2 protein chains.
Amino acid sequence: MKSKATSFDIAYRAGVSQSTVSRALRNSPLVNEETRLKVQAIAKELNYKVDKNASNLRSQQSSTLALLLFEDPTNDDSLINPFFLSMLGSITKACSDKGYDLLVSFQQMNDDWHAEFEDSNKADGIILLGYGDFLDYEEKLIQLIEQDTRFVRWGADVESLPIVSVGCDNFHGGYQLTEHVIMNGRKEFAFIGEASSHAPEFFDRYLGHCKALKDHKLAVDETKQFDAISTEESGYKAAESLIKSGAKFDALFGASDLIAIGAMRALLDNNYKVPEDVAIVGFDDIPMASFTFPPLTTAKQNTKLAGELLVESLIKLINEEEVKTTLMPTSLIVRKSCGS
Amino acid sequence: MKSKATSFDIAYRAGVSQSTVSRALRNSPLVNEETRLKVQAIAKELNYKVDKNASNLRSQQSSTLALLLFEDPTNDDSLINPFFLSMLGSITKACSDKGYDLLVSFQQMNDDWHAEFEDSNKADGIILLGYGDFLDYEEKLIQLIEQDTRFVRWGADVESLPIVSVGCDNFHGGYQLTEHVIMNGRKEFAFIGEASSHAPEFFDRYLGHCKALKDHKLAVDETKQFDAISTEESGYKAAESLIKSGAKFDALFGASDLIAIGAMRALLDNNYKVPEDVAIVGFDDIPMASFTFPPLTTAKQNTKLAGELLVESLIKLINEEEVKTTLMPTSLIVRKSCGS
DNA sequence: CTGAAAGCGCTTACAG
DNA sequence: CTGAAAGCGCTTACAG
């Protein structure tokens with residue numbers, strides 16, 4: 001490996017001081033146009049690149065954002081949840097648009113992950129993305145706040161803490177989906193997905209769902225709510241439990257697409273017809289959702305916009321501008337799984 | 001934001017020199033057990049983290065790998081190809097398993113992306129992942145080699161250049177899929193996907209496909225090969241051209257799952273029955289493939305293993321160990337799209 | 001086993 | 001507009 005050119009090499013060739021080289025390369029207005037051009041030409045010729053470690057060390061900032069993707073320890077070797085994967089994609093794009101590098105890291109929920117990156121000066125701030133038990137997660141958030149770490153997170157607003165979140169209007173999404181199914185003539189709903197403060201997003205969807213039922217004078221039957229985490233397998237198992245329970249239902253609300261897809265499989269395997277016997281809705285609009293049979297009606301979370309908002313909010317936070325928590329609308333995507 | 005603790009702060013409190021603190025924190029055997037424990041205790045108490053910029057600058061290495069995900073400028077705002085997205089997931093995991101950080105970046109093929117990361121000392125080496133015209137790409141590879149950049153890439157072996165690649169046995173995969181369809185009684189194949197040195201992976205699949213036809217005494221009809229890049233849309237359009245050409249075919253080989261899925265839609269929209277009228281196969285086994293209707297028979301590329309191999313190979317390269325190009329086997333995933 | 005000192009390659013007051 | 005100098009926070013010979 002050839003030894004790399006430094007700003008001194010350029011200074012020597014250009015016949016100026018190293019300070020001037022540094023200024024010229026950073027397009028400082030202090031430097032003479034002609035000098036700047038000469039320096040930049042030589043830099044290009046030598047294939048010179050600023051040493052980021054040195055410049056970050058000196059200027060005490062890194063132009064790097066860290067993305068912490070954490071997951072429930074339970075689903076260890078499986079692939080990443082497709083919803084988060086597409087968030088990852090959009091965050092990566094948004095970062096490069098804004099001129100930031102992105103450091104990506106996976107963490108188990110129980111790891112000691114708080115602020116490793118920011119403390120070590122590798123990143124100016126952190127984006128948190130993940131799933132798992134919210135109550136465990138909340139403790140970590142409190143630690144981050146205590147350390148004055150700059151971070152934003154994807155998820156439902158946490159009113160009790162001063163945190164910038166970007167999330168979807170889960171309540172409204174749940175309401176909208178349920179109302180759509182009611183309009184298609186269904187009356188007896190099952191809900192699959194954890195509906196408690198351990199999973200605030202799912203809980204909000206459930207509450208929206210219940211509100212829609214009440215507004216349409218339909219009964220809420222809590223015995224038809226079955227817990228599940230956001231995997232196909234978990235959705236499949238919960239749907240089996242639902243079937244075994246003998247409960248009557250002509251509609252099923254999966255708290256996420258993955259759950260809905262798993263549940264759809266369970267129903268099909270048990271000779272139910274979708275949507276004739278049971279209408280199904282999911283939540284997220286992951287790429288698979290349009291490929292199920294029948295294609296899944298769902299509430300789309302706009303991951304592209306979400307990634308941009310997350311990155312923009314974090315950059316504002318770093319620059320000490322004012323930032324507020326954002327609630328994005330969801331949009332109803334009607335496909336065939338509800339029979340219309 | 002509280003000002004961060006430095007090694008001098010720890011030194012002061014521990015009553016030792018800063019050098020000793022540095023040694024103790026790095027578990028140097030040179031340091032007394034008792035001293036080490038004391039230093040580490042104080043570090044923990046102060047919530048101290050080594051400043052990576054400083055340590056990297058001094059030691060001239062970073063424990064960071066860079067992932068360059070580049071894409072054809074043509075499909076700008078669309079989402080990332082799901083196949084590469086799952087590679088991204090597995091690479092991220094493999095990096096964290098190996099104790100490396102991962103810097104992720106998107107690049108357009110025509111950007112001046114070569115070695116940006118390594119030259120700027122932010123990463124010890126680079127993983128290249130992407131699609132686009134191979135001949136453009138090849139020039140970049142040559143530049144990287146000339147600069148002595150350490151990198152590995154996903155893709156077909158490039159025999160003419162000293163590059164470490166990790167890729168699948170595309171030829172054999174193409175052979176296997178085609179043979180499978182022949183065994184199901186099909187005789188007239190169309191192939192959708194660019195089959196030239198601009199797209200070596202697709203080309204290898206095509207060559208494997210042709211070899212299988214020959215081995216089974218079936219004719220290769222080049223007029224039934226239609227170019228397409230790896231998107232649903234491109235597959236859809238190519239399939240439309242195929243249909244309009246009036247050619248007879250009872251089997252269709254999509255050079256990727258995305259192409260096959262787009263082609264399947266085009267066929268369905270034109271009142272073909274799959275698999276009754278036309279058997280379809282794809283390549284990759286992306287998550288969607290099992291959700292199409294009918295589910296898609298395909299050749300699985302093991303992205304989990306690929307990610308691990310890519311990371312391991314790059315680390316070996318960095319440590320100046322010997323590394324060879326790896327060819328991974330594909331596995332035939334039989335679903336319903338070929339009628340069996 | 002420990003400490004004093006040099007130096008990684010920059011950025012940025014400070015002085016002119 | 002330019003240069004000399006300090007210093008970011010570490011690691012690592014060197015000397016003891």
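In what follows, chains carry the letters A, B, and so on, assigned in the order in which the sequence lines appear, proteins first and then strands, with residues in each chain numbered from 1. Everything numeric in this text was worked out from a predicted model, so none of it was measured.
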Please determine if a side-chain N or O atom of [X] lies less than 4.0 Å away from the OP1 or OP2 oxygen of [N].
| X | N | value |
| --- | --- | --- |
| A:T20 | D:dG3 | yes |
| B:Q60 | D:dT11 | no |
| A:S19 | D:dG3 | no |
| B:Y48 | D:dG9 | no |
| B:S55 | D:dC10 | no |
| B:R26 | D:dT12 | yes |
| A:T6 | C:dG9 | no |

To the nearest Å, how far apart are [X] [atom1] and [N] [atom2]?
| X | N | atom1 | atom2 | answer |
| --- | --- | --- | --- | --- |
| B:K49 | D:dC10 | NZ | P | 13 Å |
| A:K38 | D:dT2 | NZ | C1' | 13 Å |
| B:N53 | C:dT11 | CG | P | 12 Å |
| A:Q18 | D:dA6 | CD | P | 14 Å |
| A:D9 | C:dC10 | CG | P | 9 Å |
| A:N56 | C:dC8 | CG | P | 18 Å |
| A:F8 | C:dG7 | CZ | P | 12 Å |
| B:D51 | C:dC8 | CG | P | 18 Å |

Lys/Arg N to Asp/Glu carboxylate O, [X] vs [Y], below 4.0 Å:
| X | Y | result |
| --- | --- | --- |
| A:E308 | A:K93 | no |
| A:D101 | B:K122 | yes |
| B:K98 | B:E312 | yes |

Please state the P separation for the pair C:dA6 and C:dT2 - nearest whole angstrom.
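One P to the other, the span is 23 Å.
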For B:S22, which contact category applies under a 4.0 Å heavy-atom criterion: base, sugar-phosphate, or nothing?
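Contact class for B:S22: base.
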Contact class for B:R23 (heavy atom, under 4.0 Å): base, sugar-phosphate, or nothing?
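It contacts base atoms.
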So, do A:Q40 and A:N27 sit near enough that their side-chain heavy atoms are less than 4.5 Å apart?
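The answer is yes, as the side chains (C-beta and beyond) meet within the 4.5 Å cut-off.
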Kindly say whether B:T325 contributes a backbone atom to a donor-acceptor pair with the side chain of B:S165 at under 3.5 angstrom?
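Not a single qualifying donor-acceptor pair exists.
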Donor-acceptor pair, A:R150 side chain versus A:D124 backbone, under 3.5 Å?
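Yes; at least one donor-acceptor contact below 3.5 Å.
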Quick one: look up who C:dT2 pairs with, Watson-Crick or G-U, both distances under 3.5 Å, and put none if it's unpaired.
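Here C:dT2 is engaged in a pair, and the nucleotide opposite it is D:dA15.
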Here's a test of your reading of the structure: between A:V31 and B:R58, which maps to the more 5' nucleotide of DNA chain D?
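Checking each residue's closest nucleotide, the 5'-ward one belongs to A:V31.
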Which residue, B:S59 or A:N32, contacts DNA chain D at a nucleotide closer to its 5' end, judged by nearest heavy atom?
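First, find each residue's nearest nucleotide; the 5'-ward one identifies A:N32.
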Which residue, B:A54 or B:V16, contacts DNA chain C at a nucleotide closer to its 5' end, judged by nearest heavy atom?
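Counting from the 5' end, the first nearest nucleotide belongs to B:V16.
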